[in-house]
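Protein chains get the first letters and strands the later ones, always in sequence-line order, with residue 1 at the start of each. The structure displayed is predicted, hence computed values, not measured ones.
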Amino acid sequence: MSGSQDWPRTEAEALAVQDSLRTQVEETDQSPAPGAAGTIAVGLDVAYDDARDVVAAAAVALDAATLEVVEEATATGRVAFPYVPGLLAFREIPALRDALDELGRRLGRAPDLLVCDGYGRAHPRRFGLASHLGVLTGLPVIGVAKNPFVFRHGVVGPDRGDSAALLDGTEEVGRALRTRRGVKPVFVSVGHRVSLDSACAHTLSLAPDYRLPETTRRADALCRRALRESA
DNA sequence: GCGACAG
DNA sequence: ATCTTGTCGC
């Protein structure tokens with residue numbers, strides 16, 4: 001049961017849920033050493049067909065050391081919430097949890113790290129998708145986004161590994177991190193049970209060849225395929 | 001009021 | 001997110 005009946009239906013209800021859960025985010029780093037052998041990192045992503053009101057989520061488990069796919073799972077359902085900037089979690093989490101639950105059964109164990117497409121702490125109320133999913137699962141979670149959302153950052157050096165603070169005013173809420181020379185940086189933020197430095201280290205470890213982590217690349221390909229095959 | 005705005 | 005061809009470059 002994923003309790004879609006008690007899922008918020010209005011923006012006001014969603015805001016209240018964020019306000020209530022935000023205090024449960026844990027700052028202490030309980031994530032594994034980046035790239036550690038025997039460690040499992042899970043990539044998560046969602047694809048939509050608004051015309052059919054269908055959502056497809058994918059959860060792909062990778063061996064953090066070899067980046068080989070260990071296991072994968074998908075889930076499809078009805079869109080649970082409209083896209084509202086700042087409330088993305090309410091649109092994506094129901095399907096993501098279903099895919100994660102199925103992945104856990106197939107894996108026979110809990111993942112060591114979750115990698116979300118989007119933000120965690122870098123959020124108007126400091127409680128983006130990665131934070132929300134972290135509180136609900138209790139797992140270490142990081143957010144890796146493709147756009148800076150409403151935040152600003154300074155110049156990021158040209159080399160892989162170079163970064164600049166992602167700022168909300170003067171507060172560092174995440175980091176713009178270059179994973180590939182000559183390519184636009186990604187935007188990393190803390191979700192749950194992980195430090196910002198670790199989140200960046202995990203991102204670099206998971207993205208040796210392309211701009212985005214292998215976890216999200218795999219999840220992106222899988223949820224698109226699941227959506228296509230659901231038609 | 002208007003525009004910007006993760007996916 | 002999604003609608004979409006060719007094209008420049010490694």
Side-chain angles (χ1 to χ4, degrees), chain A residues 7-8 11 14-15 17-18 22 25 43-60 74-97 99-100 114-135 141-153 158 160 166-169 171-177 179-192 196 199 203 208-213 215-228 230-231:
Chain A
W7 201 244
E11 293 189 26
L15 289 170
V17 170
Q18 288 187 333
R22 58 189 297 185
V25 172
L44 302 166
D45 197 14
V46 174
Y48 300 93
D49 183 339
D50 284 307
R52 286 191 303 137
D53 194 37
V54 172
V55 50
V60 182
T74 62
T76 58
R78 293 304 196 76
V79 176
F81 207 86
Y83 172 67
V84 179
L87 299 179
L88 177 66
F90 297 94
R91 183 167 168 81
E92 309 217 324
I93 281 184
L96 285 177
R97 288 197 83 180
L100 264 176
L114 264 33
V115 182
C116 287
D117 225 13
Y119 281 115
R121 177 157 224 289
H123 177 273
R125 291 166 296 281
R126 305 291 178 267
F127 196 69
L129 170 65
S131 314
H132 199 143
L133 197 58
V135 166
V141 187
I142 69 173
V144 181
K146 299 181 286 296
N147 297 293
F149 198 12
V150 296
F151 305 106
R152 314 284 288 174
H153 62 84
R160 168 177 160 83
L166 193 61
L167 300 171
D168 187 354
E171 180 184 355
E172 182 178 37
V173 295
R175 217 161 269 161
L177 174 68
T179 52
R180 249 205 120 167
R181 177 160 196 128
V183 174
K184 175 181 175 177
V186 295
F187 305 90
V188 179
S189 64
V190 163
H192 186 62
L196 183 52
T203 300
D209 298 324
Y210 297 93
R211 178 185 177 227
L212 296 176
T215 37
T216 67
R217 285 167 44 78
R218 297 284 190 172
D220 179 77
L222 183 57
C223 70
R224 290 189 195 217
R225 184 158 63 82
L227 184 65
R228 216 184 324 118
S230 77

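- Looking at every heavy atom in both residues, N147(A) comes nearest to Y119(A) through O-OH, 2.7 Å.
- Not counting sequence neighbours, the partners of F127(A) by the ring-ring contact (aromatic ring centres under 6.0 Å, His included) test are H132(A).
- With rounding to whole Å, R211(A) atom CZ is found 19 Å from dC10(C) atom C1'.
- For residues 76-89 of chain A, the pairs satisfying side chain to side chain donor-acceptor pair (under 3.5 Å) are D53(A)-R78(A), with sequence neighbours left out.
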(Q) Assess the residue pair R52(A) and S230(A) against the criterion (side-chain hydrogen bond (donor to acceptor under 3.5 Å, both in side chains)); give the C-alpha distance rounded to whole Å, side-chain angles, the decisive distance to 0.1 Å, and a yes or no. (A) CA-CA 10 Å; R52(A) 286 191 303 137; S230(A) 77; 3.0 Å; yes
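- Heavy atoms only, all atoms of each residue included: A176(A) and P185(A) are closest at C-CB, 4.2 Å.
- One interatomic measurement links the two molecules: CZ of R180(A) to P of dG9(C), which rounds to 16 Å at whole-angstrom precision.
- Under the rule for a ring-ring contact (aromatic ring centres under 6.0 Å, His included), Y48(A) has no partner lying at least two apart in sequence or in another chain.
- For the salt bridge (charged side-chain N to carboxylate O under 4.0 Å, His left out) test, residues two or more places apart in sequence or in another chain that qualify with D117(A) are K146(A).
- Distance, E92(A) CD to dA1(C) P: 9 Å, rounded to whole Å.
- A pairwise comparison of heavy atoms in F90(A) and A14(A) identifies CZ-O, 3.4 Å as the closest pair.
- Taking all atoms of both residues into account, the shortest heavy-atom contact from A95(A) to V55(A) is CB-CG2, 4.0 Å.
- Of all heavy-atom pairs spanning L129(A) and I93(A), the tightest one is CD1-CG1, 3.6 Å.
- At least one donor-acceptor pair closer than 3.5 Å links the side chain of R211(A) to the backbone N or O of K184(A).
- Side chains of R126(A) and R121(A) form a contact here, defined as non-hydrogen atoms less than 4.5 Å apart.
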Q | Dot-bracket line, read 5' to 3' along DNA chain B, where crossing pairs take [ ] and | marks a partner on another strand, Watson-Crick or G-U under 3.5 Å | A | .......
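- Heavy-atom contacts of chain A under 4.0 Å fall on DNA chain B between two terminal nucleotides, which in 5' to 3' order are dC5(B) to dG7(B).
- One can place CG of L44(A) at 15 Å from P of dA1(C), the figure rounded to the nearest angstrom.
- For the atom pair CG of L167(A) and NE2 of H153(A), the computed distance is 9.5 Å after rounding to the nearest 0.5 Å.
- Regarding N147(A), its CG atom lies at a distance of 14 Å from the P atom of dT2(C), rounded to whole Å.
- A heavy atom lying under 4.0 Å from DNA chain B marks the following residues of residues 75-89 of chain A, by number: Y83(A), P85(A), G86(A), L87(A), L88(A).
- Applying the side-chain hydrogen bond (donor to acceptor under 3.5 Å, both in side chains) test to R125(A) and every residue at least two apart in sequence or in another chain returns Q18(A).
- Evaluation of the side-chain hydrogen bond (donor to acceptor under 3.5 Å, both in side chains) rule for R218(A) yields no partner, not counting sequence neighbours.
- In this structure a side-chain-to-backbone donor-acceptor pair under 3.5 Å is missing from S189(A) to V173(A).
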Q) How is the base pairing of DNA chain C summarised as a dot-bracket string, given the Watson-Crick and G-U wobble criteria with both distances under 3.5 Å, [ ] for crossing and | for another strand? A) ..........
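- Of the residues in residues 45-57 of chain A, D45(A) come within less than 4.0 Å of DNA chain B through at least one heavy atom, sorted by number.
- With rounding to the nearest 0.5 angstrom, the CZ atom of R217(A) is 14.0 Å from the CG atom of L222(A).
- Within the 4.5 Å cutoff, the side chain of L100(A) has heavy atoms near those of the L114(A) side chain.
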Any N/O pairs under 3.5 Å between the protein and nucleotides 5-7 of chain C? List them or say none.
none

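- Summarising the geometry, the separation between NZ on K146(A) and C1' on dA1(C) is reported as 9 Å, rounded to the nearest angstrom.
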